[in-house]
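These notes are about the structure you will find just below.
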Protein chains: 2
Amino acid sequence: MPKPSSTSIASQDYLEQIFHLIALKGYARSVDIAANLGVSQASVSAMLKRLGADGLVVYEKYRGVILTPKGSDLAQHIIRRHEVLTRLLRHFGLDEETIYRDVEGMEHHISAQTLKAFTLLANELDQNPALCRTLKRKVRGK
Amino acid sequence: MPKPSSTSIASQDYLEQIFHLIALKGYARSVDIAANLGVSQASVSAMLKRLGADGLVVYEKYRGVILTPKGSDLAQHIIRRHEVLTRLLRHFGLDEETIYRDVEGMEHHISAQTLKAFTLLANELDQNPALCRTLKRKVRGK
DNA sequence: TTACAATCTTAGTCTTGTCTAAGTTTTTGG
DNA sequence: CCAAAAACTTAGACAAGACTAAGATTGTAA
């Protein structure tokens with residue numbers, strides 16, 4: 001079998017963090033990835049090896065990690081999806097903690113089609129403050 | 001430690017199926033659970049043991065499975081969430097296959113708060129066919 | 001009632017992703 | 001420039017959840 005290159009949920013979380021860190025600081029250290037994802041450095045080491053094997057990062061022991069073009073594209077897609085989802089949920093007046101947790105969970109299961117629908121819906125809500133107000137009022141309590 | 005009773009994602013999928021089958025036929029056989037979830041009967045056996053240990057089902061070898069009140073409540077919550085999510089996605093004119101897959105993935109990550117928001121949003125869309133039409137048009141193609 | 005089919009369980013293995021503990025490499029401060 | 005700290009890796013274990021193959025139980029039809 002030709003190796004699935006699964007890009008599992010966990011892989012996506014790591015990729016997302018790596019991209020963020022590189023964007024933010026110019027490099028992605030294991031210790032920061034570990035801290036941001038709440039896992040041990042040992043887990044990061046193991047995952048970087050897997051991501052390397054999948055051609056998503058270039059990884060040299062003790063020397064750091066960079067994204068391949070393929071990894072970078074994928075990371076950007078993942079991050080865009082994350083942002084759209086966050087933007088959508090913010091329209092309902094949920095607390096940030098909840099939004100973060102739900103987005104973290106949901107983001108890996110959104111198809112391109114649904115992403116498009118959510119994007120359009122978020123745009124629609126941007127231009128319809130009246131509807132937003134109604135929703136927010138109803139969501140919190142009564 | 002007092003045993004987490006995690007109610008993992010997989011557990012929820014099984015619970016959902018068990019509830020469905022009981023509602024539909026009066027009983028839930030391993031062979032049907034396996035077929036509906038696309039897993040082996042061996043996996044079903046293993047999971048029923050776990051669900052039994054978590055107090056969600058009463059399970060006797062070779063004799064079938066029933067839901068405890070706790071399991072039934074949980075299953076109903078899971079199913080309600082599944083239905084709300086499906087109802088919401090249908091408003092965008094996505095194809096049923098996509099809706100099903102996305103709901104399957106997302107449903108386990110929706111908090112009570114977000115569920116409420118999605119419910120209200122679906123209601124809102126029910127009463128706003130113009131908005132639905134606009135969204136559907138934009139989602140498919142242009 | 002007996003034999004076959006269907007269903008179910010067990011045993012054993014695999015994969016993914018996690019952890020801790022221990023050891024290595026790199027960085028840094030004096 | 002070198003010792004201590006920080007960062008990193010390896011080794012080994014574990015848990016959940018899946019699989020196949022083989023064996024046990026139950027249901028059914030003749």
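Given the structure is predicted, the values throughout are model-derived calculations rather than measurements. The sequence lines fix the lettering, A, B, ..., with proteins before strands; numbering per chain opens at 1.
The interatomic distance linking L51(B) (CG) with dA16(D) (P) rounds to 12 Å, in whole Å. If you take OH of Y59(A) and P of dA7(D), they are 15 Å apart, rounded to a whole angstrom. Residue H108(A) contributes atom NE2, which lies 14 Å from atom C1' of dG17(C) at whole-angstrom precision. Straight-line distance from the CG atom of D13(A) to the C1' atom of dT16(C): 14 Å, rounded to whole Å. Rounded to whole Å, atom P of dT7(C) lies 15 Å from atom CG of L48(B). Rounding to whole angstrom units, CG of residue L37(B) and C1' of dA16(D) are separated by 16 Å. Look at CE on M47(B): it is 14 Å from P on dT9(C), rounded to the nearest Å. The interatomic distance linking I9(A) (CD1) with dT15(C) (C1') rounds to 15 Å, in whole Å.
Each of dT20(C), dG27(D), dT18(C) was ranked by its minimum atom distance to the side chain of S40(A); first place goes to dT20(C). Counting only heavy atoms from C-beta on, Y62(B) has its side chain closest to dC8(C) among dG17(C), dG17(D), dC8(C). For V39(A), taking side-chain heavy atoms from C-beta onward, the closest of the listed nucleotides dT18(C), dT27(C), dT10(C) is dT18(C). Among dT9(C), dG17(D), dT18(C), the nucleotide with an atom closest to any side-chain atom of A10(B) is dG17(D). Across dG17(C), dT10(C), dA11(D), the shortest atom-to-atom separation from the side chain of A42(B) is found for dT10(C).
Y100(B) belongs to no hydrophobic cluster, as no Ile, Leu, Val, Met, Phe, Trp or Tyr side chain comes under 4.5 Å of its own.
Side-chain atoms of H108(B) and D13(B) form a donor-acceptor pair, as typed in the model, at a separation below 3.5 Å. N36(B) and H20(B) form no side-chain donor-acceptor contact under 3.5 Å, judged by distance and modelled atom types alone. Remark: the S30(B) side chain and the Q41(B) side chain contain no N/O donor-acceptor pair separated by less than 3.5 Å.
Residue K49(A) places at least one side-chain N or O under 4.0 Å from the OP1 or OP2 atom of dT10(D). Taking only side-chain nitrogens and oxygens, R63(B) never comes nearer than 4.0 Å to OP1 or OP2 of dA24(D). K61(A) has no side-chain polar atom (N or O) that falls below the 4.0 Å cut-off from OP1 or OP2 of dT24(C). One finds no side-chain N or O of S45(B) lying less than 4.0 angstrom from the OP1 or OP2 phosphate oxygen of dT10(C). Distances shown here put a side-chain N or O of Y14(A) below 4.0 Å from the OP1 or OP2 atom of dT18(C). Dashed line: the shortest gap from a side-chain N or O of R50(B) to OP1 or OP2 of dG17(D) is under 4.0 Å.
For the pair R90(B) and E96(B), the minimum side-chain heavy-atom distance is below 4.5 Å. Contact check for E124(B) versus N128(B): no side-chain heavy atoms found under the 4.5 Å cut-off.
Panel note: side chain S43(A), backbone V39(A); no donor-acceptor pair is recorded below 3.5 Å.
No contact: G64(B) has no heavy atom under 4.0 Å from any strand.
If you check residues 16-36 of chain A against DNA chain C, you find no residue with a heavy atom closer than 4.0 Å.
H109(B) and H109(A) have parallel rings, their planes meeting at less than 30° on a 0 to 90° scale where 60° marks the start of perpendicular.
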